[in-house]
Peer 1: 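The structure's right below; bear with me while I get my questions together.
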Amino acid sequence: MSTADLEHAFRDEWSAVVAALARRLGDLQAAEDATAEAFAAAARAWQRDGVPPNPGGWLTVTAWRKAIDQLRRDRLVAVDADVLDQVAAGTGEEDPEMEAGRLVDDRLGLVFACCHPALALEVRVAMTLRYVAGLTTAEIAAAFLLPEPTLAQRLVRAKRKIREQGIRFEVPGPDSLAGRLHGVLAVVYLVFNEGYTATGGDRLVRAELCEEAIWLGRLLHRLLPGDAETAGLLALMLLHHSRAAAREDSDGRPVPLAGQDRSRWDKALIAEGTSLLDAAMARRAPGPYQLQAAIIAVHVQAATFDDIDWPQIAACS
């Protein structure tokens with residue numbers, strides 16, 4: 001096993017494992033601790049035995065066992081004896097509740113908990129990057145130009161608030177889903193905008209934040225494939241980010257749209273973004289992210305600045 005194998009599993013599975021445990025334990029800190037222990041165990045076991053066929057299942061079951069062991073030691077939570085016996089004698093197979101469909105719901109539930117309106121907006125951003133995207137506290141602090149201890153304290157207080165207020169790790173019901181989803185999308189777009197035009201530091205573009213937001217957008221689109229605005233947000237971010245290489249000159253100064261070298265634009269991102277946008281608009285459920293994506297699509301599909309279809313942009317506005 002290479003370090004890259006473990007890093008790949010971390011990127012793909014971290015939030016899924018944390019989400020599965022958080023739902024069952026109702027405690028994000030305990031879920032995080034158990035998941036960290038599971039990854040430490042993976043680093044040892046996979047080096048010796050190789051990467052298992054289902055890394056996510058292996059990590060989830062291992063983390064669950066670690067969590068149960070900790071509960072036994074602390075004696076803080078009453079756990080059903082049958083469950084303890086089942087885990088202690090585990091065969092290494094996934095718990096039936098941890099099948100693929102359940103994990104999708106768990107990860108979505110984690111997203112909604114991290115973006116709960118009871119939390120301050122800047123805390124929602126930090127929580128989403130930490131527990132959904134899997135960034136470290138140090139990485140998030142550096143991205144937003146904050147002292148690491150300050151950010152760490154924010155996360156600790158947020159986890160305590162989630163536990164004390166009984167915020168559940170679950171997808172809201174139909175009556176409140178649309179409103180809550182809007183808040184989730186706003187958090188992701190805030191991350192993207194901080195990367196697209198950084199408000200701090202000496203850099204115009206912070207590509208790493210744009211890429212994290214796009215990763216989150218892809219995750220949400222995969223979990224909510226039928227939601228037009230989720231697809232619209234992902235399309236919008238992809239189309240904006242397609243111009244990243246041309247937005248600064250060699251000295252880091254901004255290059256206006258009219259002066260950008262269009263040959264440096266990422267054609268693959270443009271194609272993906274426009275395809276997503278077309279599919280979203282075909283659902284006939286328009287929203288602000290789709291509208292913004294439609295406007296930027298007109299810009300990036302023009303061969304030159306002079307070819308931009310301004311009447312079409314005006315029609316979208």
Side-chain angles (χ1 to χ4, degrees), residues 1-25 27-74 79 83-107 109-111 114 126-143 148 151-152 155-156 159 169 207-209 211-212 214-216 218-219 222-223:
M1 180 202 71
S2 66
T3 302
D5 291 327
L6 189 60
E7 290 176 351
H8 181 74
F10 182 91
R11 181 61 165 174
D12 286 351
E13 308 295 347
W14 168 265
S15 65
V17 178
V18 170
L21 268 67
R23 176 184 61 84
R24 305 181 87 195
L25 299 170
D27 187 326
L28 188 52
Q29 183 63 60
E32 180 183 12
D33 291 345
T35 301
E37 288 191 52
F39 273 91
R44 297 188 297 270
W46 296 1
Q47 185 68 47
R48 181 185 65 245
D49 305 325
V51 179
N54 183 354
W58 191 100
L59 288 163
T60 302
V61 171
T62 301
W64 178 236
R65 291 172 179 165
K66 298 288 185 183
I68 294 299
D69 288 345
Q70 186 61 52
L71 291 174
R72 280 172 160 167
R73 289 193 295 270
D74 293 346
V79 180
V83 174
L84 288 173
D85 291 342
Q86 177 185 348
V87 173
T91 63
E93 298 178 353
E94 289 94 339
D95 185 303
E97 283 194 321
M98 294 181 178
E99 295 175 350
R102 176 71 259 178
L103 288 176
V104 167
D105 289 345
D106 285 341
R107 191 175 286 192
L110 177 62
V111 171
C114 288
M127 291 286 286
T128 301
L129 289 173
R130 176 71 188 100
Y131 297 105
V132 183
L135 271 64
T136 65
T137 303
E139 288 171 332
I140 302 167
E148 186 177 347
L151 184 67
L155 293 173
V156 168
K159 286 183 285 189
F169 297 87
E208 70 279 8
L209 278 180
E211 288 161 6
E212 290 300 333
I214 289 171
W215 186 90
L216 288 166
R218 291 188 191 283
L219 173 63
R222 187 164 69 246
L223 298 178

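Note that this is a predicted model, so its numbers are computed, not measured.
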Peer 1: Given the rule in the side chain to side chain contact (heavy atoms under 4.5 Å, CB included) test, do Asp106 and Phe169 qualify, once you have shown the distances and angles that lead to the verdict?
Peer 2: CA-CA 7 Å; Asp106 285 341; Phe169 297 87; over 6 Å; no
Peer 1: Measure the spacing between CH2 of Trp14 and CZ of Arg107 and express it to the nearest 0.5 Å.
Peer 2: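 The CZ atom of Arg107 is 12.5 Å from CH2 of Trp14, to the nearest 0.5 Å.
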Peer 1: When rounded to the nearest 0.5 angstrom, what distance separates CG in Asn54 from OG1 in Thr60?
Peer 2: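 Asn54 CG to Thr60 OG1: 8.0 Å, rounded to 0.5 Å.
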Peer 1: Specify the closest pair of heavy atoms between Glu212 and Ala133, including all atoms of both residues, with the distance to one decimal.
Peer 2: OE1-CB, 3.7 Å
Peer 1: Of all the heavy-atom pairs spanning Ala126 and Leu151, show the shortest one and how long it is.
Peer 2: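 Minimum heavy-atom contact is CB-CD1, 3.7 Å.
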Peer 1: Taking all non-hydrogen atoms of both residues into account, name the closest pair between Leu110 and Ser15 and its distance.
Peer 2: CD2-O, 3.6 Å
Peer 1: So Trp58 and Trp46, would you call those rings parallel, tilted or perpendicular, with 30° and 60° as cut-offs?
Peer 2: perpendicular
Peer 1: With rounding to the nearest 0.5 angstrom, report the CG to NZ distance, Asp27 to Lys159.
Peer 2: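 Between atom CG of Asp27 and atom NZ of Lys159 there are 9.0 Å.
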Peer 1: Does the pair Met127 and Leu28 meet the rule for a side chain to side chain contact (heavy atoms under 4.5 Å, CB included), with working shown?
Peer 2: CA-CA 11 Å; Met127 291 286 286; Leu28 188 52; 3.6 Å; yes
Peer 1: Go through the steps to decide whether Trp64 and Ile68 satisfy the test side chain to side chain contact (heavy atoms under 4.5 Å, CB included), and finish with yes or no.
Peer 2: CA-CA 6 Å; Trp64 178 236; Ile68 294 299; 3.6 Å; yes
Peer 1: Taking all non-hydrogen atoms of both residues, which atom of Thr137 and which atom of Glu148 are closest, and how far apart?
Peer 2: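 Shortest heavy-atom separation between Thr137 and Glu148 comes out as CG2-CG, 4.0 Å.
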Peer 1: Ala41 and Thr62: which non-hydrogen atoms are nearest, and at how many Å?
Peer 2: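 Answer, listing the atom of Ala41 first, then Thr62: CB-CG2, 4.3 Å.
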Peer 1: How long is the straight-line distance from CZ of Arg65 back to CD of Glu37, given to the nearest 0.5 Å?
Peer 2: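 Going from CD on Glu37 over to CZ on Arg65, the span is 13.5 Å.
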Peer 1: Under the side chain to side chain contact (heavy atoms under 4.5 Å, CB included) rule, what do Glu208 and Glu139 come out as? Steps first, then yes or no, please.
Peer 2: CA-CA 10 Å; Glu208 70 279 8; Glu139 288 171 332; over 6 Å; no
Peer 1: Can you give me the closest heavy-atom contact between Ala31 and Leu25, atom names plus distance?
Peer 2: N-CD1, 4.1 Å
